[in-house]
Amino acid sequence: MNYQEVLDEIYKEVLPFINEGKQADYIPALANINPDQIGMCLQTLDGKQYLVGDVEPRFSIQSISKVFSLAMALGVQGDKLWSRMGKEPSGAAFNSLIQLEIEKGKPRNPFINSGAIVMADILLSHFGCSKGNIDSALHNFLSFVHSISGCDTIDYNNEVAISERDNSYLNAAIVNLLKYHKNINNDIEDVLRFYFMTCSIEMNCKELSSAFVKFANHKKTFSYNGIVLTSSQVKRINAIMQTCGFYDEAGEFSYLVGLPGKSGVGGGIVAIYPQRYAVTVWSPRLNEKGNSVVGIKALELLTTRTKESIF
Ligand code: GLN
């Protein structure tokens with residue numbers, strides 16, 4: 001397959017859609033970036049990268065970080081994790097409260113905010129954090145990201161994390177509801193701070209593809225900064241990406257693209273083709289579900305053109 005030719009064609013085809021949608025502004029720091037950017041990187045299992053557009057600028061990975069959190073939480077807890085959250089699609093917005101109230105503080109899945117906030121709590125406990133000091137969790141999370149992406153200059157963006165904290169009315173409600181139902185063990189301020197820091201990590205299309213190709217390559221040993229997963233666990237993370245990676249647009253993404261993936265409100269989407277490649281698209285303008293307009297379009301074109309999807 002000539003992926004470079006396919007990517008070049010896709011780039012031309014999605015350009016007319018670059019003005020559709022609106023970049024996230026509920027986190028004010030995210031509103032400051034230039035929305036007129038499109039980058040795409042496909043990395044095959046052998047490490048070869050195919051690139052087009054704005055593949056160098058780093059962007060806020062936001063909810064894409066939830067996949068790293070799941071890999072770490074599953075690594076440290078194994079199946080015990082599922083006593084604190086489910087693995088069913090939510091069919092609701094990423095920051096919805098309604099289901100969480102009805103289901104008595106047990107998040108539907110790890111890829112909505114409530115699930116990721118519980119995983120943040122699990123990691124704070126695992127890394128021995130004490131009230132007011134989350135340094136060891138921050139250090140270990142970043143080291144895991146460095147290790148899985150092969151790039152140790154990746155970092156948090158404190159300004160984005162603080163900007164999110166200052167406007168975190170819904171996430172604050174979620175963590176309070178979780179705490180009320182005894183699904184949070186640590187201090188809620190610490191949990192939120194850690195969660196926002198993980199969302200604020202900045203990576204570019206190349207670095208994300210390099211990290212996610214490890215999920216595509218589930219038959220190979222998965223061991224990064226002390227987090228070890230079996231090939232079955234990696235495969236199951238991919239299964240959850242398939243069913244829950246796009247909130248209330250998971251069905252539509254599955255229908256249009258047919259690959260497991262995960263989006264974030266920074267405009268990034270990563271998708272994987274098991275045993276073949278990982279692909280990242282970034283373009284900041286989002287649809288009303290919080291997913292990149294150009295990202296979905298580009299991935300739809302990719303699997304249609306190549307006639308390659310998991311179905
Ligand atoms: N940090 C963001 C939030 O919790 C992540 C949301 C997202 O990318 N969907 O609101």
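Counting convention: from 1, in listed order, for ligands and their atoms alike. Throughout, numbering of the chain's residues begins at 1 and tracks the sequence.
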Does any non-hydrogen side-chain atom of Glu164 lie less than 4.5 Å from one of Asn171? yes
For the residue pair Asn186 and Lys131, confirm or rule out a side-chain donor-acceptor distance under 3.5 Å. no
Within the 3.5 Å criterion, strictly below it, is a donor on Glu252 or Asn291 matched to an acceptor on the partner's side chain? no
Residue list, side chain to side chain donor-acceptor pair (under 3.5 Å) with Glu101, at least two apart or on another chain: none
Check ligand 1 for close polar pairs with the protein: N or O on both sides, less than 3.5 Å.
residue  : atom   : partner : partner atom : Å
ligand 1 : 1 (N)  : Gln62   : OE1          : 2.6
ligand 1 : 1 (N)  : Glu164  : OE1          : 3.0
ligand 1 : 1 (N)  : Glu164  : OE2          : 2.6
ligand 1 : 4 (O)  : Asn113  : ND2          : 2.8
ligand 1 : 4 (O)  : Glu164  : OE2          : 3.1
ligand 1 : 4 (O)  : Asn171  : ND2          : 3.1
ligand 1 : 4 (O)  : Tyr195  : OH           : 2.6
ligand 1 : 8 (O)  : Ser63   : N            : 3.1
ligand 1 : 8 (O)  : Ser63   : OG           : 2.8
ligand 1 : 8 (O)  : Val265  : N            : 2.8
ligand 1 : 9 (N)  : Ser63   : OG           : 3.0
ligand 1 : 9 (N)  : Tyr247  : OH           : 2.8
ligand 1 : 10 (O) : Tyr26   : OH           : 2.5
ligand 1 : 10 (O) : Glu164  : OE2          : 3.3

List the steps, then state whether side chain to side chain contact (heavy atoms under 4.5 Å, CB included) holds for Ile64 with Met203. CA-CA 10 Å; Ile64 297 172; Met203 295 171 75; over 6 Å; no
Are side-chain N/O atoms of Asp8 and Gln4 paired as donor and acceptor at under 3.5 Å? yes
